[in-house]
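Notes follow the structure.
Heads up: numbering here begins at 1 and tracks the sequence. Both counts, for ligands and for their atoms, begin at 1 and track the order of listing.
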Amino acid sequence: MTERFVNVDDYAEAARERMEPGAFGYVSGGSGDEHTLRGNAAVYTRWELRPRVLVDIGNVTTATTVLGAEVALPVLVAPTAFQRLCDPEGELAMARAAATAGTVMCQSTLSSVTPAELAAAAPGAQQWFQLYWSRDRGFTQELVTGAAEAGFSALMLTVDLPVAGRRERDVRASFALPEDLPLPNLSQKLRREDFHDALHAVHDDTLTWRDLEWLRSVCPLPLVIKGILTHEDALLAAEHGAAAVVVSNHGGRQLDGVPPTLDVLPEVVEAVGERVEVLLDGGIRRGIDVLKALALGARATLSGRSVLWGLAAGGEEGVTRVLELLRREIELGLKLLGCPSPADVTRSHVRRATL
Ligand SMILES: Cc1cc2nc3c(=O)[nH]c(=O)nc-3n(C[C@H](O)[C@H](O)[C@H](O)COP(=O)(O)O)c2cc1C
């Protein structure tokens with residue numbers, strides 16, 4: 001018998017076969033012409049690895065630390081909305097698989113369960129809460145306090161969605177959210193048809209750097225700022241007390257025409273130095289993609305679509321397999337690169353491709 005699931009693309013194909021076309025387009029698509037979406041993945045071919053030989057790789061680990069806590073691989077589960085579109089168990093299945101893999105699950109505000117319910121699904125697992133900030137401050141305060149009380153270990157504020165980008169696949173498919181999809185972390189009911197426009201009523205688009213002070217005063221968790229694409233904003237995040245930044249363009253779903261994240265990473269790392277941890281997401285489909293991000297200074301990466309495709313292809317088990325596939329690819333890559341651990345991957349292990 002031939003093995004069907006050899007790499008992440010195989011899970012994407014299975015997800016395409018299993019999902020309703022509108023939902024698959026929602027998960028897999030980007031904004032505008034999808035220039036940034038394509039760039040996020042294509043950029044990995046523009047960087048090449050520089051392996052060192054005759055290094056003792058008899059004892060290789062893929063484990064590393066993020067915000068001081070150990071993860072079994074340098075891939076975290078990115079926050080993604082509406083996971084029940086992929087599998088009836090949605091976020092709960094994703095959380096259990098992340099726990100099995102020994103990595104962090106970032107829960108989106110746009111999930112079908114509360115932080116307390118997610119924590120109960122995977123007791124003792126590492127979970128971060130991703131915030132879309134409601135216009136109702138009292139509600140926002142309750143939400144982030146609830147996450148802290150539920151045992152979440154970081155608050156991730158997404159800053160690249162003052163309004164939602166225009167995802168043309170969704171427009172063409174007239175994609176609407178199911179009426180029965182619960183969204184308990186929103187201050188009011190979300191219209192199901194043009195839900196991206198409807199987010200405007202819930203999400204505060206007047207926020208500035210100054211508002212972070214209030215957020216930090218009501219939430220004791222370390223703050224991770226997600227959606228940084230310039231060294232200027234990376235520095236502002238550090239100055240405003242962020243513990244980490246995520247170099248992210250929202251998987252090519254917001255402003256089309258921004259650079260692929262891997263190309264932005266060096267300027268951010270150079271600007272912030274050791275002051276904050278730098279994470280990266282966008283286009284991670286292979287273990288060697290992760291190695292290139294580490295070489296350019298990321299502490300770890302996050303995966304959005306790869307794990308969503310795993311969820312759609314096989315529920316909790318599908319996500320577990322995708323994460324294990326990535327872990328094995330990273331392990332093999334580390335061995336062939338001559339690095340006993342993710343922390344040993346340095347800038348000298350990568351160069352720009354010449355062709
Ligand atoms: C279907 C989908 C939903 C998403 N929902 C959210 C969200 O609710 N909050 C958020 O901060 N980012 C969200 N993102 C962006 C991801 O966190 C992440 O930045 C992106 O998926 C990384 O790119 P990748 O999918 O190529 O790995 C979403 C991405 C996708 C694909």
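The proximity of Pro79 to ligand 1, defined as any non-hydrogen pair under 4.0 Å, involves the side chain as well as the backbone. At a heavy-atom distance under 4.0 Å, only side-chain atoms of Leu308, from C-beta outward, approach ligand 1. With a 4.0 Å cut-off on non-hydrogen atoms, His250 touches ligand 1 through its backbone as well as its side chain. At a heavy-atom cutoff of 4.0 Å, ligand 1 is contacted by the side chain of Thr158 but not by its backbone. Contacts with ligand 1 closer than 4.0 Å are made by no heavy atom of Gln107, backbone or side chain. Only the side chain of Ser108 comes within contact range of ligand 1, with a heavy atom under 4.0 Å; no backbone atom does.
Of the N or O atoms in Ser303, none lie within a sub-3.5 Å distance of an N or O in ligand 1. Residue contacts with ligand 1: Gly304 is placed with a nitrogen or oxygen under 3.5 Å of a nitrogen or oxygen of the ligand (distance criterion only). The distance criterion of under 3.5 Å between nitrogen or oxygen atoms is met by Arg285 with respect to ligand 1.
Scanning all protein heavy atoms for the shortest distance to atom 3 (C) of ligand 1 gives Ala81 N, 3.4 Å. Counting protein heavy atoms only, atom 18 (C) of ligand 1 is closest to Asp281 OD2, 3.2 Å. If you check which protein heavy atom lies closest to atom 28 (C) of ligand 1, you get Thr80 CG2, 3.7 Å. Counting protein heavy atoms only, atom 24 (P) of ligand 1 is closest to Arg305 NH1, 3.6 Å. What sits closest to atom 7 (C) of ligand 1 on the protein, heavy atoms only, is Tyr132 OH, 3.3 Å.
For the residues Gln254, Lys226, Gln83, Gln130, the heavy atom positioned nearest atom 12 (N) of ligand 1 is part of Lys226. Closest heavy-atom approach to atom 26 (O) of ligand 1 among the candidates Gly283, Gly251, Gly29: Gly283.
Between the side chains of Thr62 and Glu331, no donor N or O sits under 3.5 Å from an acceptor N or O. With 3.5 Å as the limit, one finds a donor-acceptor pair spanning the side chains of Arg167 and His196. Neither side chain, Asp136 nor Ser134, offers a donor N or O lying under 3.5 Å from an acceptor on the other.
Residue contacts with ligand 1 do not include Phe82, since none of its heavy atoms lies under 4.0 Å from the ligand. Contact analysis puts Val27 in contact with ligand 1, with a non-hydrogen atom separation below 4.0 angstrom. For Met156, the closest heavy-atom approach to ligand 1 does not fall below 4.0 Å.
For the pair Val268 and Ala234, the tightest heavy-atom approach, listed with the atom from each and the gap, is CG1-CB, 3.7 Å.
Under the 6.0 Å distance and 45° angle rule, Arg351 does not count as a cation-pi partner of Trp47. Judged by the 6.0 Å distance and 45° axis criteria, Arg305 is not positioned over the aromatic ring of Tyr11.
Note: the hydrophobic cluster containing Val290 also contains Val269 (ILVMFWY, side chain heavy atoms under 4.5 Å, direct or indirect links).
Ring geometry for Phe82 versus Phe195: interplanar angle over 60°, hence perpendicular rather than tilted (30 to 60°). Classified by interplanar angle (parallel below 30°, tilted 30° to 60°, perpendicular above 60°), the ring pair Phe152/Phe129 is perpendicular.
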Stepwise salt bridge (Lys or Arg N to Asp or Glu O under 4.0 Å) check, Arg166 with Asp256: CA-CA 9 Å; Arg166 192 157 188 267; Asp256 194 31; over 6 Å; no

